[in-house]
Each structure stands twice: as structure tokens, then as C-alpha cells.
Amino acid sequence: MSTHILTSDPTGAPPRTSSKPPGVLRRVWAQSEGRVGIVLTAVVVVLAVFGPLLAAPLTGYTPYQFADRPFAHSGVFGTDNLGRSVLARFLDGGRLLLLYSVLATALGMVVGGALGMLAAYARGWLDSVIMRLNDIVLAIPQLVFALLAITVLGPKGWVLVVVIGLTHAPRIARVARSATLRVINEDYIRAAEMYSVPRWRIIGREILPNIAGPLSVEAGLRLTYSIGAIASLSFLGLGMQPPTADWGLMINENRIALSVQPWGVLLSVFAIAVLTIGTNLLADAIARATAQTTVEE
Amino acid sequence: MIAKLIAKRLAVSVLILLAVSVIVFAATLLLPGDPARAILGQQATPERIAALNEQMHLDQPPVVRYFLWLGGLFTGDFGLSTSANAPVAVLLGERLGNSLVLMALAALISVPVGIAVGIFSALHRGRRSDSAVTWVTLALAALPEFVIGIGLITLFATSVLKILPAVTMSPPGQPVWLIPSQLVLPTLTLALVVAPYIARMMRATMIEVLDSGYIEMARLKGVPERRVIFRHALPHAIGPVAQVVAIQLAWLAGGVVVVEFLFRFPGMGQALIDAVNYRDVAVVQAVSMIVAAVYIVVNLAADIIGIMADPKLRSAAA
Amino acid sequence: SNGAGGGEHFQVEGPPRKGGILRVGLTGGSAADTADAHSPVNNGDIARTVNLYDPLLMRDDDYVLRPRLATSFKPNAAATVWTATLRTGVRFSDGSPLEPEDVVYTFKRITDKKDPKVIASGLTMLDDVVKTGPHTVEFRLSEPNSVLDDQIGQYAGGIVPRGYDPKKPIGTGPFVLESFAPGESTVLKPNPHYWGKTGPFVDEVRLLSFNDDDAVINALLSSQVDAVSQIPLALVEVIGSDERMAILNSKTGRWMPFTMRVDRPPFDDVRVRQAFRLVVDRQQMIDQVLSGFGQLGNDMYGILDPAYPKDIPQRTQDIAKAKELLAAAGHGNGLKVELVTAPIQSGVVEAAQVFAQQAKAADIDVSIRRVDSTTFFGDDYLQWDFAQDFWNSRNILGQTVAGTVKDAPFNETHWDNPRFERLAAQARGELDEAKRAKLIRQGQEMLFDEGGYIIWGFANQVDAYQKYVAGMKENATGIPLGGYNFNRVWIGEVS
Amino acid sequence: MTTAPPAAPGAAPAPGAAQPAPAGPADGADVVLRIDDLRIATTGDAEILHGISLSLRRGQLLGLVGESGSGKTTAGLACLGHFRAGLKHTGGSVTIWPRGGERIVVQELGEDALRQLRGARVAYIPQDPALSLNPAMRVGEQIREVLDVHRWGDSDAAREARVAEVLADVGLPSDRDYRRRWPHQLSGGQQQRIGIAMAFAMFPDVLILDEPTTGLDVSTQAHVLDTIRDMTRRNDVAGLYITHDLAVVAELADRVAVMLRGMLVEEGPVERVLHHPEHDYTKRLLEAVPDLAGRKAIGGDPYRDSPARIADDATAPPLLAARNIRLSYGEAQILDGIDLTLEPGECTMLLGESGSGKTTLSRCVAGLIDDYTGTVALESAQLAPSTRKRTAEQRSAIQYVFQSPFSSLNPRRTIGESLTVPLETSQRVPKARRRRVVEEALDAVRLGRSFFDRRPGDLSGGERQRAAIARALVNSPRVLVCDEVTSALDVSVQASIIGLLRRLREENGLAMLFVTHNITLARHIADNLAILNRGRIVDYGPVDDVFAHPTHAYTKALLADIPTL
Ligand SMILES: Nc1ncnc2c1ncn2[C@@H]1O[C@H](COP(=O)(O)OP(=O)(O)OP(=O)(O)O)[C@@H](O)[C@H]1O
Ligand SMILES: Nc1ncnc2c1ncn2[C@@H]1O[C@H](COP(=O)(O)OP(=O)(O)OP(=O)(O)O)[C@@H](O)[C@H]1O
Ligand SMILES: [Mg+2]
Ligand SMILES: [Mg+2]
């Protein structure tokens, strides 16, 4: 991911890349990574959003009804550890994962982005304080933090969102800070200072749009990690709780029968894999689309 | 100058570690549960509980306990495990060794492989082999470790090729590495998680370096390609790659938890999950501090490597 | 090692063969594992206790109390003094002989006020244990107890020598402790001084702890272990269909009740409790939670007790009736309750989910709150309004003393009924079996009608082992792998 | 070889035709390198060089001029057989006749042969030495490397001696300590001389110099140019000197070739091309080059004394007065007691080399830097150091235009949005009328209203600088501070901006502080000249006075070093 930013071009020729926002989507789509990423992500998102509606009509069972004995091979993908339809639960199991991942990412982006921009913009002691706090939080192992928080507060949805969101915040803050530092010395920021534009507006109108590139890349990456982290916690039994239908939890519940009734695990593993790969490809494609580097095949 | 710089990093690291210790200690205070009761059991009398509380300084105010604990850390005394009723150091010693073996193996594989793949890919930029590498590393980098692990188990242990053990299991008293086959899947899982990041970073750094003016100049001087890469380009990748390797090593210290859980590997991560479940505060604290220390040490090492690799800083020292 | 491919046949009949190593996979080990005779908690602890120590009496495969270190254990007419006659010629694993003083020491240790052990809760009436002869010991009680034999005939009541140190455990069991790494592994070697007539046949037993079922099954299937205790019931058929594997399916008295606190709303209204019991489809519970490996429950415990009232009609699901009762109790528009569950035993969390699903039909909205075991057994243990628990096979009176009298140490339903107390006290003083059975029946009827337990079934104990392992027998006590009686197990030869 | 009409590639001799090797091509015994109908295109098949033909002669320098993007670098690199990523060779050839060797057609060489050619027979001196020297290699080693890879001499000692020799040739110390320095331990001029030493180490036949002095200030440039001139003569090489600075060409080159959008429009002896240009483009280019004498009318009408200029009226306070401005960063005293005044309608040029404190001073005046001591007064009112503390009125009165048009406009916002910002904060104009005011300002800088909704990315550098100037105009300022507003632009664009500023001064009676390092602009725009050297004003007065009677040694040196056409 080269995030090389072309600063002032001494030649006087207009830069080759236009910086209009609508161009980004098109440029993402123009790359094969971007296309595959969008398609993979979209497939899983559609599955997660509309799956719950399809679960009962497609399988004849709700995700909570008993279809057969546990780990039986009836139905398309057999039954799970309680004899419920794997397919029905699979169709129902992506929604919360997706919702919480998006919320956690959003929280991390807001907190981390604000802190990072503030640190870079304010400089001086505030910068040092924020960055040292960052270092401290970074040094606390993410999983330990999650384990403790969940044990103390219980495995509730908001706890997951807050824990994952906050563990992302310092990393996002770093990115936001360095991106801000890269633009903060641009003369248009100085110009805004000169015209005595209110500082919050400088952050919002002059800085934010110009670091949107790296931030959106980071958002994509963080979404990937959020999905992984929440699924991992569910896999460890600390995330979503029974009887919820959830991909991570399904892996945890059905892992035991991996060798005899693998579908309860493999469907979910597959969906999580596709989703995370999709979002990661997307993040990478956004990175290429927003980095104003020279033409690369 | 350089010594001063390193000394400053060192001081900052120590301060961060101290801050982390405060946070870890405070967080573990919040854990519900009663250590004395956990040790003595459901039917313990209040007197015995009080006596044990006193023995473990649990009757003291948190601040005093923090300093007692911190003092203990310096002397290698991590406290008493409530679930095992034994010193944490004894409990963790062997497990720490196991985890380190696993992490070292994973690092030993992923770092050179990652670097080699990254360089290869950068040199073949734009070609088919490069885009294949890009796709694979992107996909692998996205996958949570348990997904990779389950994939490998399905592939090599339970469903397709039943050739490797799915779980770690050592005969009593034998270290895990005496049966190498059971280390294969956990190591591979960790390596597959870590290597893509290193490869991607290496590729990006190399490409940036290869695009720079001095590389073009070297070529225009007639310097052979091999020398361009190894003498002109590679030294510039040391710093950034040391950073990413450090981040990945630090990740290993934490990420090993899930992998150990998955493969039932008797390491630190296992101990951590057990300890949290059994409210074994001292063990949780110890593991947290160990992981934090690993994080800080590897990052410090990377910083120092970065400083040493930068001639500006190096020469300023002279 | 014993690794062997499928399809081979093994000589597992006829006279036992000596030699070999038995590797047993267990789940639930942790750093808290112990070899203490009197503090067994988990599966591994039990396996160690059973094989290192012997109690005075012990239940056999059919759940009948049999003499062990005591050749007889008899009450006086008032059931206030019990006399144990010790077996002669028994030696501890260090070679010292078993003497009455050791029995006295053992029970002092068990009932130590400062550090009471597991079975102490059933021995609250035990005033004193006194040596009365070279081979006799008297148990003097503060109140009559006709079932003291049941209380002391448990694996956690093993006799230890004076000066016992759990770190260097010495007992009279068939094995001695060779090495022990908590949460990981235990090695047992035959006890050279073993008094029993059968076994041990193997040269070594290794107990290997695994932290989850998944791992243990994988270990079995890949021949990393020879036998595993308690396989997930959902996998029994699959594992059984592997021609290398044998299944040991034992009916037991283990139950996993839902516990409703009779003193807290909404369960303080007996109609709500009745409605909840009517909501349960017990066969479905057994099918989904136990994969069919269980016996129907009828809201009364102690199915293995000869006094269990088998003739009380089986309660079945009746949603209409349940709704009626709920409406009468003022919950006509449905009812919302929280069910606290924890992975305290395999099947418990699953049962909660099945129950929640079944209760929906009667407009009962059960929200499941899953906590970890430590929290479950923490400060709020026995205080949850609506939760679950699990109990192993027990006789009815013993269970009553443990859980359903006012001062019972585990009165999780907070059952407190004067008439029931009287019946229980009378039964404990009654030495005549028939009369006692009558009293018990009356008490059971009360629990059937008004109690706070939902007892939907009794789970089978299902273990699996490689076919070359011989000497495994079904065992009703609920202790896995034939009661962990490894002294009768041997490794069969390829035939 | 004379002008090759770009549209007629057929006029060039067919590659490889009738050349009696190795003596040299038929049409000139001393031709060392010849480019024949060279065509280069992007991999996307857009042609960048449309058939260039050139010859380089031994001991002579050919200046290659043309505006940015015209393909100078591309042509220069092609002489080494190098094409930047994304470019490919589509036609034509480069032929070299090395001293005492066989004729070499560069395009026919394989990888190894090319490598042996580069750095040995054809050497390259890049534009930016700071980027072209490997920061992680000692400078001596980088020179030595050229000798190593080309197996020069027969021993290590010989090579070491050669390194020392060539270092001495370019006027650098040749001792071991110096050779063991890292690039960052050298100044820009020294770095460039290392580059030159590297290029001459192998006694090449051909030298390609790609704007080797662009990043340097005038005096350093003068030194480096001397070195280049001296070295080419002494080594008798053929040089291709790429630049956009016609004055440098006039000083240095023997012949000059002019490029326009990938085509060669004119080629000939310097005298002829610079004084009697034939092609229109060359003419326009020459017209746009400012001259020290101020005789040319760059950017339109020649400069006349502004009517608004009031002769020194001692009674009224000056419009803008800076008194005793001092500022230091740590140890470094950047500004050391500056006094400067500006009357209404007056333009003062602030001149000084890079790092002399020009930007710092002008930002102090504009209130962008607030930690100075001393006072800035507008008429008689003393101004707060920071713009944020100044009144809206005062803020509007002094406007600052940034050096780089590429960074002074927010790329994410439209020109209209950026230009409305000053109006928003000054609140001088009601919201409804803001668009009109901005459009008027766009008109004033000759951009037109259609630019309102465009983004900086779509604009050329000159257009952007106009937009930036328009932003300074929307609040009807009284003083305009222009910080090197033309130094990032091509000469022709620079000329038009100068013209624009001049018109604005006349039309609006603006006072102006014009900061630059280009002294040749003085007579085209300024009334007064202030020479800044190491934080002090060393010469200050009307332009003619300063030119006629420079008092300070620095000013004298400056005037002497300027290359002129
Ligand atoms: N790698 C490339 N891929 C595509 N186009 C390129 C590439 N390099 C240069 N160009 C284009 O080729 C043209 C000529 O570029 P070149 O660098 O030769 O110009 P120049 O005359 O040296 O300009 P300057 O004075 O700014 O250095 C420009 O329009 C440029 O945009
Ligand atoms: N923020 C800063 N901190 C420390 N030193 C600075 C800072 N800004 C400028 N300087 C130093 O102050 C000196 C004057 O800088 P200034 O930008 O005013 O020079 P200038 O004359 O405008 O140069 P140029 O022609 O390169 O634009 C330089 O030596 C510069 O290194
Ligand atoms: Mg160029
Ligand atoms: Mg400047």
C-alpha cells in the first residue's frame, strides 16, 4: 500500500489525477481487486441482510426450531448441535456480526479520527499526551482487554462494540494523525488560518476531506479486523450468546462435529472468510484509488 | 546523540510499561469474584477467608496492593494463583516456554518467507506473479486466525488428508516439541496470519525505494541489477520492515490465544483464558504484563534497528 | 503405543492380559486440579480419587452400596450410632496397615470446621468418630440418620492415613500417583500393596486433560488416547459407527434441573411453577439435548433409588393448561423471565435453549443469560431466581438433605415446607425400608405437585474407547468409564 | 544539422545510414551522439516524443530548452537507453561514436551492454542531487561504485586515486574523511558537485545534464555552472544541457535546441537562436524572460511608475510599517531587526537567497507567524501579531499570496468555495452577494466565472495562482504580500502573472510586498528593492539606486552572478 502523496508538482503541469470525490468509486471499480472486493462484500452483506427473511421459507424451519436430532444429515446442510437447521441458522447468522462490526468500526473511526486530527492539529503538549495515551492503550493486549471487559460487563452487544471500537481507536488515531500532519503544512490550511476560520471548521472542512482517502482505507481495514475480532470472540464463546444464530458462535457450537457434520462450521467459516477477504480487497482498492501515485498497471 | 535517542525511547518504554501495569491492575480489580474464596472453596469459613486475605494483602487498600504487586514483579514474584494455589511463576513457566516455542517457530518461518515473497513481488511488479502474490496475501491477511486454523484442520487433520494431529497433546512430563507433528498446524496457522503482512509491507517498501531517484541514478550509472537491489534498495527497507515485523511479533503474543485455544496448545493463551474464567487475577495480571512487555520490547527493538539503519542518526552520533 | 488401524480384531474376552498403558482423555481439567482425596471437583479429580483411595462403602455398577474398606456398616435401632467393621489385611500404598485411627483421622479431616470437605455437608449430624476396637469404628450422631451409609459411601470419602499430605497422596486404591501436572496430565502406577482381588492389569494409566470436547474427540479418533470419558451425546452414533470404537452407554441418575425459586416472583405462585413444568416437551428435551440418550424425568429426583415412585403418571406437555394456569396467576398476556445458565455440564446451556424455544408456545419469553461457571458458582449461586444445575446419581434421602430441606446446603429452589421437613426427618430416622419408602413417596408427591425443580430427564453416561480396551462395564453411578474402575481394565491383543 | 521540422521526420537521415565508423558520422567529424527521429510513447500509446533529431559534438554543450512537460527529460534519458516506467521506445535511434571505439546504436544494445554504456560512455547528472544520491551510502563509495562496476583501472588503489582526483577536479576536498561523508552532510551545491564528479569519473564521451542547478540559489548555481563548463572543456565531452532557464543557456551552451510538446521547433547556435529566433514559440519564450535592465515588456505593457505612488510625504504615517522585527528559532536568529515601510500603491521587492528569511518576514507581516518581537503597524494602528487577534478590517487590509499554487487551494473544494472563505470570516458582504463578489474577483484575474465551480485539480499552475490571487482580492485589500508567487511557474506563465499583478496595482492602487529570489524581475514590477541577507536588510532603496550603487558585498555578488541572455 504505497500512500505516497504527490505534493507540489514543480513542473506546473496540472497533476494527472483529478481529486474529485466521485472519481474514487469509479477508480475502485476499475481495479480487479476493487470489483472482486465489492462483489464479495456485497454477496455476504446481502446474505446477512436478507438471509433472515429467507431462512424459514427456504428451509421450512426458523433458525430456532428443531428439525432433527443433533448433527443429523437431514436437510441441505444437516442440523446443528441442537438439531436445528444449519442452513436456517446460517442465513440468520450474519446480521449481528455485520451490524456490530460496522458499529465498532464507526466508533473507532470517530474516536480515533477525532483524536488523531486533534493531536496533529494542536501539536505541542496535547499531541504528546494523546500520542502517549495511544502508546499505552496499544501496549495493552487487545484480546486481554476484550476478555476483561467482557468478563466484567458481560457479553452484551454494546460491550463488544465499545471494546472492539476502542481497541481500534489508537491505531486509527495514528493514521489520522500522520495523514493530518501530511496536509497540515499545506498552504490551504495556512490560508484558512490566515482568514481566521474557526478551528473546528478547519478540521472539518479543510483537513477532513483531504485525509478522507487514508481514513477510508483505514475504515476498510478496521472493518475487516472488527469482523475478525467479533467473530473470534464469539468463537471463544465470549461474543454473541446462545441461542442467537451467529456465524462465530455457530463455529464454537458445532466445531466439535467438524469431522462428522462439518457444515455447521464450514458454512460460517466460509462466509466470514468471504466477507473479510471482500472488505480487505475493497480497502486495498480504495487505497490505490486514493493514493495519488503515478499510473500503475 | 544516538545513545541519547535510544535512552529516551527506553525511558518512554519503561513509562508506558508502568502505565500499562496501573491499567492492568485496575482492570483486574474490577473482575467479579473473591480470590480467597476461590482458593478455599465454597464451604470456607469467614475466619479462614480473612486469614488468607491478609496473607495475600487483599485487606490492604488498592494503592498499597498495587505497589506490593509491582514490587513483586521486579523480583519475579507474580503472586499466587488462586486456582492452582501455587506461585504464578511456577504455573506459567512451562506454558510460557511452550508459547515462546510456538511463536519463535512461526516467526522463523514467516519473517524470511514474508520478506522473500515481498521482494520477489516488488521486483515482478505488474507481472502476473506479482498480482498472484498480491491476491493471496490480501486474502490471507484478511482472514481471522481461527478461520485459517479451522481450514487447516479440515484440510490436514479431519476431512481431506488425515495426516496431522488436530490437537496438541503431550505425554505427561514431555515438552510439546518432542512430538513435532503436533506443532505443525498451530505454527502454520500463525505463520499464515503473520507472513502476508510482512510480505505486503516488504513489497510496498521495496516499490517505494525502487521508485526513488537514487535507484534510477544507480541504474543510470550502470550498476548491475543485483547490486541495485541488495546494495542500494534493501538497506532502506530495513527500518520499515523491522517495524512491521515488530508489530507482527507483538501480535503473535496476543494472537496466540485463539490459536492455542483452537489447537489446545498448553501455552500462555490457554492459561489466560482459564485464568479469566476462574477469576485467577494474579495469572491474568501476569499474562497481561508479559504480553505488554513483549509488545514494548519488540517495538523498542524495531525503533533501535530503525535508528541504527538511518545514516542521518547514525552519523550524528559520530 | 496402542495405535492400531480399524478392521482388526482384538482378544478382549477371556482372562485379562497384563501390561500396557491406558491413556484416558478427560475434559474439564484446570490448574485447580487436585489429588486430594476429599476435595474432588472435576472429572479428573474424581478419576484420581477413585483410583488412589477407597471409601468404607462404595456403590457398584448397579448403584447398590457394597462394602469396600468396611466389611459391614450397621446402625443401632435409633439410627444414632453406626458401627463400621474394617477389612483386615489392608495396607496403604506406603505399606502401612489400615487402622481405625486412620478412619477417625479421615473423618476429622473431612468435617474439619475450618476447612470442611466436599461430603461434609451431608455429615452435619456427625458428632464424633471413635475407635471402639482393633477393627471397629463408631460414628456417633446428634440426630437419627437412617442413610448415613449413603453419605459416607462416596468417592470423596476415601480413607487416608494419619498425617495425610495431599501433595504426596497415599491411599489404599489400586493405583499410586506417579506424576501429576494439574490441568495437563496424571500418571498412575499399580499400587504394590493393593488389597483388592481384581487387577490392576495395566502397567500405567495416563489421565490427559483436554479443555474441550472437541479436542478430546479428535484425540480419540486419531488414537492419541485409548478411552475418553463422557463424549458429547450428539456424537455418540457417529463415533459408534467408527469400527475402531466402542461405546459405553450407562443409564444413570444424573439430572440437570431448571431451578425456580419458590420464594420469589413469579415462581412464588405455584401456578406459575406448574405452568412452566407443563410447557416442557420432555421427549424433545431428551432428543435435542441428549440426542435421545436419557430417561424421561417426572419432576422428581432419585430415579435409581428403589423408593422412587415409578407409578406417578408421567407429566407431559400441555400448553393449553399451562396458559390457563398462567392466566389464573395474572400472566394472561404472557410472561418474561430470565434464565441464568452456564456451561457447568455439557447439555446445560443446550437445555436452556430448548426450554426457551418450547416456552414460546405458551407466550413465555425466556431470555437466556449465559454466564461463565465461575460467575454461576460465585456469590449469586443458589440465589438465582431461575437457573439450572446438575446433580449426579443420588439416593432420594441423600439428595433431599443436600437440596430440598430448609437448611440444606444447596437449597437452590428455596423449598421450605414444614410438612416436607417433618416427612424428611421421619424418613431419616426410619430404618424400616418399606415404611421409609412410604414417607419418601409422600415427600416426592409434594415435590411433584408444588416443587421448584423442573426435572425433565436423566442423562445417560456415554463414553467411548478403542475396541482393544477390555473390561469396561456399564455403571449407573454416573462416574464415567465404568466408574473409573481402571483396576479391571486391560489392553486386548490383536487376535 | 539544422532545424528539423517536427512534422517531417523523413527529413532526418535514416538511422545507421552511411556512417564510416568509428571516426564519426559523415556530416560532422566531431559528432559524438546523434538522435535520429526518436519517438517515445506511453504504454497507453500516447506519443510523447514525436520524432526528435539532434547531434551532440565533442567539447560542446547543447542547451535543450522548453517548457515543463515538453519532453526534455524523456529525450535526455533516451540517450542512455533508459525509459521511465510507463514509457516505451517506438521509433528512431540514438547513435554514439565513443573515443577510439566502435559506433554504438543504443537501441540495439542488450541489458549488459547498456549497463556498460551507462555511467561509462554516457553519464547522467540529475536534477535533484538530494534525491539522486543514495542517503545510505557514503559519497566516496557512490563515486567509487561507478569505477567498480565498470572495472576501471587495475587496482583498488587506482580507483581510490581516481575518486580523489575527480573530487579535486570538481573543487571538493578529496581527503578520506570527506569521502566518508553521508550525502546529508553536504550542502546542495556540494551534493550536485558529487553528482558531477560521479559523471566524470569514467571520462565519458557524452554527458546528459538534466536541470542540474534548478534547486540551487544564484551564487551556488554560478559555482556549479563554472564547474560544469570547466569540466566539459577539460574532458572534451559532448554535453546535453537540459533546462528551462534561457539565461543559463546563453551563458553556458554553444548551441541551443527548443522543444515544444514533444517536438523540436528550433535548433542552432546560441547567438542566433536567442537573438534572432525564427520560430514563434521561441520568440514568445524569449519575450517572457525577464531582463535585469527591464527593457522588455514582460506580461504586456512595460512597467510605468504607478500614478498612485506618492512621493515621500514625511508627515503621513506609511500604509504599512514594520519596525525592528526579530525572530529566532532556537539558536538561529532568522530575522534580526527588520525595518520596512510601504506607502499606498507602492511595490517593494524583497530579495534574498533561499533561507534568508523572506517567507518568515512576509508571514510576520501577514500575521501567520506570531512569535516575533517588534511591531507591524497599518497606518498608525499597531497590529496584533496573530491574524486571529486582528480585527476583520485589519485582516482584510493585508492579504498574503502563497508561493505554491499547488498547495494553497484545497483540492477537495471548488474554487468558488475556497474564494468565499475570506468573505465568510470578514462578514463584509452579505451572504447573498458573496458569489457575485467572488465572480468579480475571478474576472479581475482574467479567469472568468466558469471557474467558480471547478476544482484546483482541473486547473493549470498559472490558473491556480490566479485563483489564489483572486482569493486575496475578494476583500479589497490595501496591501498584497506575494511570496514568490511565480517561482513555481514556467517563464511564460510567470510573465502573465507579473502582468496581472502590475495591472491590479494600477487599477486598485494596491501596495505590494513582492518576495522573490529572482532579481531580474525587479525592474518589471517593483519601485523599491530590499535585499535580505541572513535576517538583515543589507540594501534598501529605489530599484535603480540599488542596482547602480550596491553597498553590501552580498548585493554586489548577487548582481555579478546573474546569468543574462
Ligand atoms: N512515466 C511516464 N508515464 C506517462 N507519461 C509520462 C511519464 N513520464 C513523463 N510523462 C509525460 O511525458 C511528458 C514529457 O515529460 P518530461 O519529464 O520529459 O518533461 P520535461 O520537459 O523534462 O519537463 P520538466 O521541465 O518538468 O522536467 C510529460 O507530458 C509527462 O507528463
Ligand atoms: N518552523 C521553523 N523552525 C525552525 N527553523 C525554521 C522554521 N521555519 C523556517 N526556519 C528557518 O528559517 C530560515 C528562513 O526561512 P524562510 O522560509 O523565511 O526563508 P526564505 O528566505 O523564504 O527561503 P526560500 O527562498 O527557500 O523560501 C531558514 O533557515 C529556515 O530553515
Ligand atoms: Mg524534466
Ligand atoms: Mg520562502
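Below, chain A is the first sequence line, B the second, and so on; all start at residue 1.
- Residue contact with chain A, scored on non-hydrogen atoms closer than 4.5 Å, involves the side chain of B:V284 exclusively.
- Top candidate by heavy-atom pairs under 4.5 Å with chain B, chosen from A:P262, A:G37, A:A139, A:S32, is A:A139.
- Highest contact tally toward chain B, considering only A:L266, A:L133, A:T279, A:V269, is held by A:V269 [criterion: heavy-atom pairs under 4.5 Å].
- Residues of residues 14-24 of chain B lying within less than 4.5 angstrom of chain A, judged on heavy atoms, are B:I16, B:A19, B:V20, B:I23 in numerical order.
- Checked against side-chain contact (heavy atoms from CB on, under 4.5 Å), B:F156 has the following partners two or more places apart in sequence or in another chain: B:L152, B:L161, B:I163, B:L164, B:L185.
- Residue B:W251 does not touch chain A at all, counting heavy-atom pairs closer than 4.5 Å.
- Ranked by heavy-atom pairs under 4.5 Å with chain B, the list A:L275, A:V144, A:V152, A:I140 is led by A:V152.
- In this structure B:Y295 satisfies the ring pair (Phe, Tyr, Trp, His ring centres under 6.0 Å) test with no other residue, sequence neighbours excluded.
- The CG atom of A:L223 sits 4.0 Å away from atom CD1 of A:I227, with the distance rounded to the nearest 0.5 Å.
- Using a 3.5 Å distance cut-off with no hydrogens or angles, the side chains of B:T189 and B:E145 do not pair a donor with an acceptor.
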| Yes or no on side-chain hydrogen bond (donor to acceptor under 3.5 Å, both in side chains) for A:T105 and A:R222, after CA distance, side-chain angles and deciding distance? | CA-CA 6 Å; A:T105 309; A:R222 291 299 143 198; over 6 Å; no
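- For chain A, the nearby part of B:I296 is the side chain; its heavy atoms alone come within less than 4.5 Å.
- The contact between A:V265 and chain B is made entirely by side chain atoms (from C-beta outward), counting heavy-atom distances below 4.5 Å.
- Using a 4.5 Å cut-off between heavy atoms, A:L153 does not touch chain B at all.
- In this structure, chain B has heavy atoms under 4.5 Å from both the backbone and the side chain of A:L147.
- Neither the backbone nor the side chain of B:V287 has a heavy atom closer than 4.5 Å to any heavy atom of chain A.
- Heavy atoms of A:F145 lying under 4.5 Å from chain B are absent altogether.
- In summary, A:D135 and A:R174 engage in a salt bridge, as defined by a charged side-chain N under 4.0 Å from a carboxylate O.
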Could you give the side-chain donor-acceptor pairs of residues 136-144 of chain B under 3.5 Å, partners two or more places apart or in another chain?
| from | atom 1 | to | atom 2 | distance (Å) |
| --- | --- | --- | --- | --- |
| B:T137 | OG1 | B:V133 | O | 2.8 |
| B:T137 | OG1 | B:T134 | O | 3.0 |

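- B:F261 and A:F235 have perpendicular rings, their planes meeting at more than 60° on a 0 to 90° scale where under 30° would count as parallel.
- Taking every heavy atom of both residues into account, A:A283 and A:L221 meet most closely at CB-N, 3.7 Å.
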